[in-house]
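Inspection log for the structure reproduced underneath, given as structure tokens.
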Number of protein chains: 2
Amino acid sequence: MRPTVIDIAREAGVSLATVDRVLNARPGVREKTVRAVNEAISKLGYVRDLTAANLARGRSYKVAAVLPDTESQFLQSLAEALTEAGSMAATSRTELHLYRFPAEDPHALAALLGSLSDRNYVGVALMAPETPVLRDAVRGLRAKGIPTVALVSDLPNAGCDHFVGVDNRAAGRTAGVMIGRFLGGGPGQVMVLGQSLLARDMIERRRGFDEVMQRDFPGLEVLQSLETHGSPVTLRQVVAEILTNAPQICGIYAMGGGNRTLTQVLADMGLSGKLTVICHELTPHVRAALIGGEVTAVITQNLGHLARSTLRVLRAKVDHQPLDEGQEQIRIEIVLRENLPALPDFSAQAPIDRTS
Amino acid sequence: MRPTVIDIAREAGVSLATVDRVLNARPGVREKTVRAVNEAISKLGYVRDLTAANLARGRSYKVAAVLPDTESQFLQSLAEALTEAGSMAATSRTELHLYRFPAEDPHALAALLGSLSDRNYVGVALMAPETPVLRDAVRGLRAKGIPTVALVSDLPNAGCDHFVGVDNRAAGRTAGVMIGRFLGGGPGQVMVLGQSLLARDMIERRRGFDEVMQRDFPGLEVLQSLETHGSPVTLRQVVAEILTNAPQICGIYAMGGGNRTLTQVLADMGLSGKLTVICHELTPHVRAALIGGEVTAVITQNLGHLARSTLRVLRAKVDHQPLDEGQEQIRIEIVLRENLPALPDFSAQAPIDRTS
DNA sequence: CAATTTTTGAGGAACGTACCTCAAAATGAT
DNA sequence: ATCATTTTGAGGTACGTTCCTCAAAAATTG
């Protein structure tokens, strides 16, 4: 049996109330007594039962996830992953609510964040572009003791408690190695496409990619990034034109966004499997393109992992518990057709068992 | 506020005792009343607080992990990962104890497993070669209601509740694609080395590897596996000899075991970076070899993830809760020098905070 | 409709912790 | 030694659930 506070009290020769005062750092205990209690704790190897503590405190983990309301497949998958993670954690006093904000309106976002503390949220996960208004809003949350984590895209100057996402520079480097190796080091040209929600990510990826290409694959010429903000039509035209006129292009690095359009162009031009194409984020479309041969490899982060990590980090912050850094490091995953993870079969899912 | 059993009782117009009887499937409740209670449950969206339930039940998750006592780096890392995961989970009523058994003695293993139920273990994680004696022992555990999961290597006929580990056939396929692509499809020869604790893993890997090589890379000749059971000296000699006499060899697939010796030979022969070498399991030595260039890519499973998954699965089984399949699927990870995850810095780790 | 059986209700103790109050004891200052 | 102050103890209630007992109510049987 694990020792309890009662065992500690007996061992230290003090009352339960005193042990409690020491454990919860309440005042009014002599230095000497504190030491006696701590000795008993380490002698018996006492570890506080957090579940009982939270029960007693009446604490539950009510957290909010705040995302832009853009309709990209990535965001939709992320929202699903978060909802799923939230419902799986419902049995352990955890509630997660999803909020969306108009992507172009930092003030609406700030207002939303400001309102969360009144609604008794104890933690917030946030994916948003960094603006001064946002920084203030995050600071406001933290001032009220509400831990805030940045999701997917870091907010280095907002003072978040944690960043849940991948190192995009390393992701770009990985893309570089993959494309360089798969192309045998050249010769040839590599086209780079960029169109992302959060500019920061793309800059980091490009930086990492160039780093590797310059150093390790001088035989491959990397073209300037094509930034086709938004419009699929433009993207379609530009890509088709370039591919037609530049036969030296043997690889494409799609840094983010527009994967659907890109793979369609490739399929339409009969280029499936002919080029080495690397992109980011394993959305349903990209998955299909991987199977179809339009895409060679995908650099991705596991959104399920990301979502669960978000919840774990927020809980740990709320509890003032240390993080298991290893667990919370979101790995950069390389997915080829051959290691494509099976799609979970939702239809066959077991119902939640309430009987035990 | 989340609804509690009291709210359910009020809503259904019955007493707390009846709600409890329904929730815990105790007899003596009319069909009609059961329905009324269940309706109240779904109407209010009640979800049982498992932490409070376990507290009341006096249930804690005391589980045993049983591993062979071989001194490989892989097993040592696995043991560390399990211990670490156990200590991180200590605050949530979880205890994990590690047991080792003499690798060549199935009867000692069976005896060990038999003794676990008397010591109040509620779950067992097991890594062992499958033998008839083992199957009986596992059946015995399950008969006593102790869930058992197979670790790293599946035990398909032992009737375990779950398998925690990667699909080795898929891992072999991935190795095949990587080596094939990196070598540009040939021409050349690929050497295959095998020496594993658990024969089953290796057979599966080889099968997956051959599958891909035959289908997608006919230009590469795959040599017969070199099985150097145990002896590093033999391995050293054989590998050195073959590499000297067969200049057509451009790739090596090391399916398991002996990585340390292999990379030493390669370094000694001045072949670092010259061959495409793929091996399994990111142990400290392999990590060094990746940096040094003796190894090109590593197919690995994240042992931290494996260990935490083991605990989660066992807890879910003990609670008769459904698994989050997505979370428990151990991904096949491809590690190159460029996406080598940072080694966690243990010296800088924060102490456990007991004050909140 | 009485006797029997089944179903239900009311209540309490327990799990390990938090947090509160009030009084008693120990300590420090004068 | 007296007083004020600090420290400690004893005891209670609460969190949401489990599990127990005993009696009351309702349903079923003959």
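Letters A, B, ... mirror the listed sequences (proteins, then strands); counts begin at 1.
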Nearest to the side chain of [X], heavy atoms from C-beta on, is which of [options]?
| X | options | answer |
| --- | --- | --- |
| B:T33 | D:dT8, C:dT7, D:dA14 | C:dT7 |
| B:L55 | C:dC15, D:dG9, D:dC19 | C:dC15 |
| B:A17 | D:dC19, C:dG9, C:dA18 | C:dG9 |
| A:R48 | C:dT8, C:dA18, C:dA10 | C:dA18 |
| A:V14 | D:dT17, D:dG9, C:dC19 | D:dG9 |
| A:A52 | C:dT17, C:dC15, D:dT17 | C:dT17 |

Heavy atoms only, 4.0 Å cut-off, all strands: where does A:R2 land among base, sugar-phosphate and nothing? nothing

Remember a base hit wins even if backbone is also touched, and classify A:G58 as base, sugar-phosphate or nothing at under 4.0 Å, heavy atoms. nothing

Taking the nucleotide of DNA chain C with the closest heavy atom to each, which residue, B:A53 or A:D20, is nearer the 5' end? B:A53

Between A:K32 and A:V5, the residue closer to the 5' end of DNA chain C by nearest nucleotide is A:V5

Distance, rounded to the nearest Å, where [X] contributes [atom1] and [N] contributes [atom2]:
| X | N | atom1 | atom2 | answer |
| --- | --- | --- | --- | --- |
| A:D319 | C:dT17 | CG | P | 14 Å |
| A:I6 | C:dA14 | CD1 | C1' | 11 Å |
| A:N54 | C:dC19 | CG | P | 10 Å |
| A:N24 | D:dT8 | CG | C1' | 17 Å |
| B:L50 | C:dC15 | CG | C1' | 15 Å |
| B:L23 | D:dT17 | CG | P | 8 Å |
| B:I41 | D:dG16 | CD1 | C1' | 14 Å |
| A:I8 | C:dG16 | CD1 | P | 13 Å |

Residue-phosphate contact under 4.0 Å: [X] side-chain N/O, [N] OP1/OP2:
| X | N | result |
| --- | --- | --- |
| A:R59 | D:dC15 | no |
| B:R21 | C:dT8 | no |
| A:S15 | D:dT8 | no |
| B:T18 | C:dG9 | yes |
| A:R30 | D:dT8 | yes |

Name the orientation class of the two ring planes belonging to B:H305 and A:H305 (parallel below 30°, tilted from 30 to 60°, perpendicular beyond 60°). tilted

Distance col, row A:T148:OG1 vs A:L155:CG, nearest 0.5 angstrom, shows 10.0 Å

CG (B:L109) and CZ (B:F101) are apart, to the nearest 0.5 Å, by 4.5 Å

Is it true that A:R2 and B:E95 make a salt bridge, defined as a side-chain N closer than 4.0 Å to a carboxylate O? no

Between B:R59 and B:D319, does any NZ, NE, NH1 or NH2 come within less than 4.0 Å of an OD or OE carboxylate oxygen? yes

By the definition side chain to side chain contact (heavy atoms under 4.5 Å, CB included), identify the one residue from B:V66, B:L75, B:L112 that meets it with B:R100. B:L75

